[in-house]
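This report refers to the structure that appears directly beneath it.
Computed over heavy atoms, backbone and side chain alike; hydrogens, waters and symmetry mates excluded.
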Amino acid sequence: MGLEDIVRSGYRKVKNIIWTPKKKEDMLKYLTDVDLRKYFKGVPEEKRQEYYNLLSAKLDDSRKKYYSHLGSWQQKAGNIGSVATILSDAYQFFGSKIALTGAQYTPLAQLIYLSGAVPEGYGMLKYIKDSKDYSSGLKWLGLKAAGLAIPLVGPLAGMNAMEKLIKQRMMKEAKNNFLKEIQGYSPKPYKALDRLAEKVTRRKIRPLYRPAFA
C-alpha cells in the first residue's frame, strides 16, 4: 500500500467516526472502499459482485440484530438535548443581549445537555446488554464528556452518538462475518506443542486454527 493509499484510508476512517454512514448503500461503500478494499480492488467484476452480495447479506443480518435500538425515544431525546445545547451555546456566544459569565452559563448549558444525555444513556445500557458492545459504551461516555466540557463543538461532536456507534458496530460485524465466510480456516504460526509434535513424530505438522478477527 502506497503513501497515498494510507493517507486516503486514514482520512476515510476518521470521516467514518465523525460522519458515520446512515444508509445501507453508504455503509457498503465505506466497507468496500476502505476496510475491505483489497478484496474488491482489481478483481473480476463477477467475483466483485459475488463479494458485494455476500457483504450486503451480512450487513442485513447485523442490521436486523440491532435495528430495534435505532429510532428509540431515548436516542431522540439525546439528539434533542444536543441540538438544544448547540443552539443555546450559539445564542450565548453570538446573539445574546444578556451576557452571562462562564460561571453562570456553564451549569445551565450542562443541565440542558444532561436532559438529553441521561435518557440516551439508558438506551445505550439496553443496547450494551443485548450486544455486549462495551467499547461503544466507553466511546459514548467519551463523546458525552466532551459535550459537557467543550461548548458548541462538544455537543456537535456528540450529536447522534448512539446511532453512529450502533451503525459502526453493524459494519464491523458485517465485515468480520464476511471475512469468516470467504476465508474459512487458515493456518496460524506454530505453537510450542506443534513444534514438540514435529520433533517426536519427525513429521511436518500443519495445524488449522480458526482465525481471530478484530
Side-chain angles (χ1 to χ4, degrees), residues 1 5-79 82 120-144 156-186 188 209-214:
M1 181 182 287
D5 290 335
I6 294 173
V7 172
R8 185 184 294 111
S9 177
Y11 167 74
R12 284 174 174 164
K13 287 180 182 295
V14 172
K15 183 180 178 181
N16 179 49
I17 294 173
I18 300 175
W19 295 287
T20 301
K22 292 186 176 182
K23 297 181 180 179
K24 177 187 174 182
E25 294 76 12
D26 295 331
M27 296 166 78
L28 286 169
K29 180 173 175 55
Y30 174 81
L31 288 170
T32 57
D33 289 357
V34 182
D35 283 0
L36 298 169
R37 187 167 181 263
K38 70 177 182 179
Y39 296 96
F40 287 87
K41 181 182 178 182
V43 298
E45 182 59 30
E46 183 178 349
K47 175 62 71 174
R48 177 182 170 84
Q49 189 60 48
E50 178 186 340
Y51 280 173
Y52 187 88
N53 292 340
L54 176 61
L55 181 61
S56 178
K58 298 301 181 185
L59 184 57
D60 283 339
D61 291 342
S62 295
R63 292 171 77 219
K64 289 175 183 176
K65 283 176 63 177
Y66 304 119
Y67 192 77
S68 63
H69 295 284
L70 296 173
S72 64
W73 70 267
Q74 297 98 333
Q75 180 193 324
K76 292 176 181 177
N79 293 344
S82 294
E120 187 180 12
Y122 174 67
M124 280 297 296
L125 286 175
K126 290 174 62 179
Y127 161 70
I128 292 169
K129 182 181 178 181
D130 289 346
S131 66
K132 312 302 180 189
D133 184 9
Y134 301 109
S135 63
S136 288
L138 293 175
K139 292 176 184 177
W140 182 87
L141 287 173
L143 287 169
K144 293 305 170 181
L156 187 61
M159 194 171 174
N160 295 318
M162 183 175 172
E163 179 184 4
K164 290 177 182 178
L165 292 169
I166 293 175
K167 289 189 173 180
Q168 287 174 22
R169 171 73 172 197
M170 290 177 181
M171 289 191 291
K172 182 177 180 179
E173 279 197 1
K175 178 190 75 172
N176 288 348
N177 289 331
F178 168 83
L179 290 174
K180 288 178 184 179
E181 185 82 15
I182 66 172
Q183 293 180 350
Y185 289 88
S186 63
K188 292 185 71 175
Y209 303 102
R210 186 175 294 278
F213 296 97

Point to revise | side chain to side chain donor-acceptor pair (under 3.5 Å) partners for Tyr51, two or more places apart | key: none
**Study point:** Sequence-distant partners of Gln49, side-chain contact (heavy atoms from CB on, under 4.5 Å), two or more places apart
**Key:** Glu45, Tyr52, Asn53
Exercise for review: Kindly determine whether Leu28 and Ser56 satisfy side-chain contact (heavy atoms from CB on, under 4.5 Å), including the steps that lead there.
Suggested key: CA-CA 7 Å; Leu28 286 169; Ser56 178; 4.1 Å; yes
Tell me which donor-acceptor pairs under 3.5 Å the side chains of residues 120-132 have, and how far apart each pair is, sequence neighbours excluded?
from	atom 1	to	atom 2	distance (Å)
Glu120	OE1	Lys144	NZ	2.9
Glu120	OE2	Met162	N	3.2
Tyr127	OH	Asp133	OD2	2.7
Asp130	OD2	His69	NE2	2.9
Ser131	OG	Tyr127	O	2.8
Ser131	OG	Asp133	N	3.2
Lys132	NZ	Lys129	O	3.3

Practice item. Could you check if a side-chain atom of Thr32 sits within less than 4.5 angstrom of a side-chain atom of Arg37, using non-hydrogen atoms only? Key: no
Review point. Does Lys47 have any salt bridge (Lys or Arg N to Asp or Glu O under 4.0 Å) partners at least two apart in sequence or in another chain, and if so, which?
Key: Glu50
Practice item. State which residues pass salt bridge (Lys or Arg N to Asp or Glu O under 4.0 Å) with Glu173; sequence neighbours excluded, sorted by chain then number. Key: Lys65, Arg169
Practice item. With sequence neighbours left out, write down each residue that passes salt bridge (Lys or Arg N to Asp or Glu O under 4.0 Å) with Asp60, or none if nothing qualifies. Key: Lys24, Arg63
Review point. Hey, does the side chain of Arg48 reach the backbone of Phe40 with a donor-acceptor pair shorter than 3.5 angstrom?
Key: yes
**Study point:** Distance (rounded to the nearest 0.5 Å) between Leu31 CG and Leu59 CG
**Key:** 7.0 Å
Practice item. Compare all side-chain heavy atoms of Asp26 with those of Lys23 and state whether any distance is below 4.5 angstrom. Key: yes
Review point. Taking all non-hydrogen atoms of both residues, which atom of Ser82 and which atom of Gly158 are closest, and how far apart?
Key: OG-O, 4.2 Å
**Study point:** side-chain contact (heavy atoms from CB on, under 4.5 Å) partners for Lys64, two or more places apart
**Key:** none
Review point. Should Tyr39 and Gln183 be marked as a side-chain hydrogen bond (donor to acceptor under 3.5 Å, both in side chains) after you check the CA-CA gap, both sets of side-chain angles, and the distance that decides it?
Key: CA-CA 11 Å; Tyr39 296 96; Gln183 293 180 350; 2.5 Å; yes
Study note, to complete from the structure: Those residues at least two apart in sequence (or on a different chain) that pass side chain to side chain donor-acceptor pair (under 3.5 Å) with Asn79 are Asn160
Practice item. Check Ala174 against Ser62 and note the closest heavy-atom contact, atom names and distance. Key: N-OG, 3.6 Å
**Study point:** Test side-chain contact (heavy atoms from CB on, under 4.5 Å) applied to Asp61 - qualifying residues, sequence neighbours left out
**Key:** Lys58
Practice item. Flag the pair Thr20 / Glu163 as yes when at least one side-chain heavy-atom distance between them is below 4.5 Å, and no otherwise. Key: no
Practice item. Quick one: closest heavy-atom pair of Lys175 and Leu36, and the distance? Key: CG-CD2, 3.6 Å
Review point. Of the non-hydrogen atoms in Leu70 and Lys167, which two are nearest, and what is the gap between them?
Key: CD1-CE, 3.9 Å
Practice item. Could you list the residues that satisfy salt bridge (Lys or Arg N to Asp or Glu O under 4.0 Å) with Lys139, not counting sequence neighbours? Key: none
Check your understanding: What distance do Ser68 atom OG and Tyr66 atom OH have between them, rounded to the nearest 0.5 Å?
Key -> 10.5 Å
Review point. Listed by chain and number, what are the side chain to side chain donor-acceptor pair (under 3.5 Å) partners of Lys29, not counting sequence neighbours?
Key: Asp33
